[in-house]
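The block underneath contains the structure these notes are about, expressed in structure tokens.
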There are 2 protein chains.
Amino acid sequence: MAMQARGSRPGPRRTLTEDEIMGAALDLLDEGGVNAASVRGIAARVGVAPNAVYTYFPDKAAVVKAIVEHLLGQVDLAVFSDRKVPWRQRIESLALELRERLTAHPGAVNLMIGGPMDGPRALALNEHLMETLQDSGLDAKEAARASYLLIVYVFGSIALEAAELGHGSGGPSEAQRVASRMEGFSAIPANTFPLSAGASSVMAGYVSTGQYTWGLHKVLDGISRT
Amino acid sequence: MAMQARGSRPGPRRTLTEDEIMGAALDLLDEGGVNAASVRGIAARVGVAPNAVYTYFPDKAAVVKAIVEHLLGQVDLAVFSDRKVPWRQRIESLALELRERLTAHPGAVNLMIGGPMDGPRALALNEHLMETLQDSGLDAKEAARASYLLIVYVFGSIALEAAELGHGSGGPSEAQRVASRMEGFSAIPANTFPLSAGASSVMAGYVSTGQYTWGLHKVLDGISRT
DNA sequence: ACCTGAACACCGTTCAAGT
DNA sequence: ACCTGAACACCGTTCAAGT
């Protein structure tokens with residue numbers, strides 16, 4: 001919310017950046033889950049007293065916001081703006097890129113959808129989606145609605161994926177995620193939930209890229225034609 | 001994870017139920033957000049020492065799981081099982097019911113998607129969706145995929161809605177939620193994000209039932225035909 | 001079996017003080 | 001302007017003890 005003064009950075013003692021603090025927080029989040037990313041933990045990692053963090057961020061929520069913006073900022077929207085590429089393919093590429101970037105930090109995904117997602121990077125994403133959807137022939141109102149639908153799908157999918165494998169140590173491989181899913185579903189009692197149990201194998205596939213794409217196609221099918 | 005022994009409840013001193021503890025936790029969550037729903041706060045509300053909670057639940061995570069299951073259990077799936085009603089309408093009614101029940105407890109929604117959602121109520125929901133989708137003519141594999149897509153949409157939508165209005169005091173009216181959304185979007189700088197800013201009014205509508213239904217229809221359109 | 005008092009190892013945040 | 005030590009008001013959880 002409150003942006004830090006930008007002019008002078010090097011103070012009397014140490015030189016320390018907002019980015020360093022944010023990076024340390026993200027590292028802790030990846031290594032030890034959400035509980036590990038404490039203000040005190042961050043301070044310890046950058047070698048400073050706990051309250052020194054408050055020189056750079058007004059509170060912990062601001063650090064979380066910085067992480068969210070940092071992660072969203074990792075995808076370069078310009079790459080998906082080439083009008084020579086069909087609009088559906090541009091959106092699909094972007095959706096895959098977002099999933100790849102975010103599933104690398106499962107602990108951060110919870111924080112992402114826990115807050116309003118109203119930072120500049122999030123707005124830029126919405127703006128980009130609306131532009132692309134208008135390219136497809138939708139008017140402004142339809143584009144706004146469809147953009148939000150896509151955001152719900154992409155972040156909803158990623159959030160549910162992240163939730164399934166817990167908030168432990170982050171950055172598991174696709175194979176590990178599938179295995180984790182399989183393990184979870186194999187515990188379903190087949191007598192009470194026959195369909196869910198029978199669908200275990202295919203459900204496990206939902207943490208795979210292919211099934212994410214399948215769902216995205218369905219959403220895009222819905223958007224394409226009424 | 002570990003179910004409590006069921007046989008004997010009344011002990012030497014007080015009579016106290018898992019449901020009472022869970023209810024107190026939900027009340028605190030609604031009144032004061034996620035931070036207010038502490039083990040110590042729960043204990044104080046039911047008039048007991050903090051550690052007495054651990055007689056009923058192994059840890060705080062188990063209390064959260066109980067809340068999630070309780071909320072999911074509030075929707076009676078049998079109501080949406082009438083085969084005389086078209087399958088799309090059955091799903092739409094269920095999706096609306098879920099949204100209504102869950103948006104009444106915004107603080108709980110974050111907790112819901114923060115964990116695996118693998119309790120009996122969640123499985124029953126998945127089972128019900130798969131049954132309904134098989135009624136529509138999908139085979140088992142397609143039904144499993146489509147069911148997960150619907151779950152992503154419903155819980156993704158509700159989660160993003162809940163995130164927008166913060167984790168403060170819960171149970172705002174639809175009008176309040178729309179107003180909150182409008183307020184947020186009116187702060188968008190029109191020069192850098194023209195489309196997003198221009199879409200403010202329609203985007204505000206996304207916290208309305210009508211726009212939730214719009215998105216659901218698009219998803220169902222995608223599912224209906226490949 | 002249920003509950004308590006006391007303690008342990010933590011939190012986020014503030015304040016006065018140092019350079 | 002930046003950092004520290006110390007403190008405040010909290011956490012979740014455990015343990016030994018009481019009934």
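Here is how names work: the chains are called A, B, and so on, in the same order as the sequence lines, proteins then strands, and each is numbered from 1.
- Relative ring orientation between Phe80(A) and His128(A) is described as perpendicular, the plane-to-plane angle rising above 60° on a 0-90° scale split at 30° and 60°.
- In this structure, OH of Tyr56(B) is placed 9 Å from C1' of dC3(C), rounded to the nearest angstrom.
- Taken to the nearest 0.5 Å, the CG atom of Leu96(B) stands 7.0 Å off from the OG1 atom of Thr209(B).
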* Decide yes or no on side chain to side chain contact (heavy atoms under 4.5 Å, CB included) for Val109(A) and Leu71(A), but give the supporting numbers first. => CA-CA 10 Å; Val109(A) 176; Leu71(A) 291 179; over 6 Å; no
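- Distance alone, capped at 3.5 Å, is enough to place a donor-acceptor pair between the Tyr212(A) side chain and the Ala95(A) backbone.
- Judged purely by atom type and a 3.5 angstrom limit, Thr17(A) has no side-chain atom pairing as donor or acceptor with the backbone of Glu20(A).
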* To do: For nucleotides 10-17 of chain D, just jot down a letter per nucleotide in 5' to 3' order: B, S or -, based on protein non-hydrogen atoms under 4.0 Å.
  => -BBBBB--
Please tabulate, one pair per line, all N/O donor-acceptor pairs under 3.5 Å involving side-chain atoms of residues 111-121 of chain B, not counting sequence neighbours.
none

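- Taking atom C1' on both dC8(C) and dC10(D), the two are 15 Å apart, rounded to the nearest angstrom.
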* Asked: In dot-bracket form, how is DNA chain D paired, counting a Watson-Crick or G-U wobble pair only if both its distances are under 3.5 Å and using | for bases paired to another strand?
  -> ||.|||||...|||||.||
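- Remark: side-chain polar atoms of Asp59(B) are paired, donor with acceptor, to backbone N or O of Ala62(B) under 3.5 angstrom.
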* To do: Determine, stepwise, if the pair His70(A) / His105(A) fulfils side chain to side chain contact (heavy atoms under 4.5 Å, CB included).
  => CA-CA 12 Å; His70(A) 169 76; His105(A) 307 279; over 6 Å; no
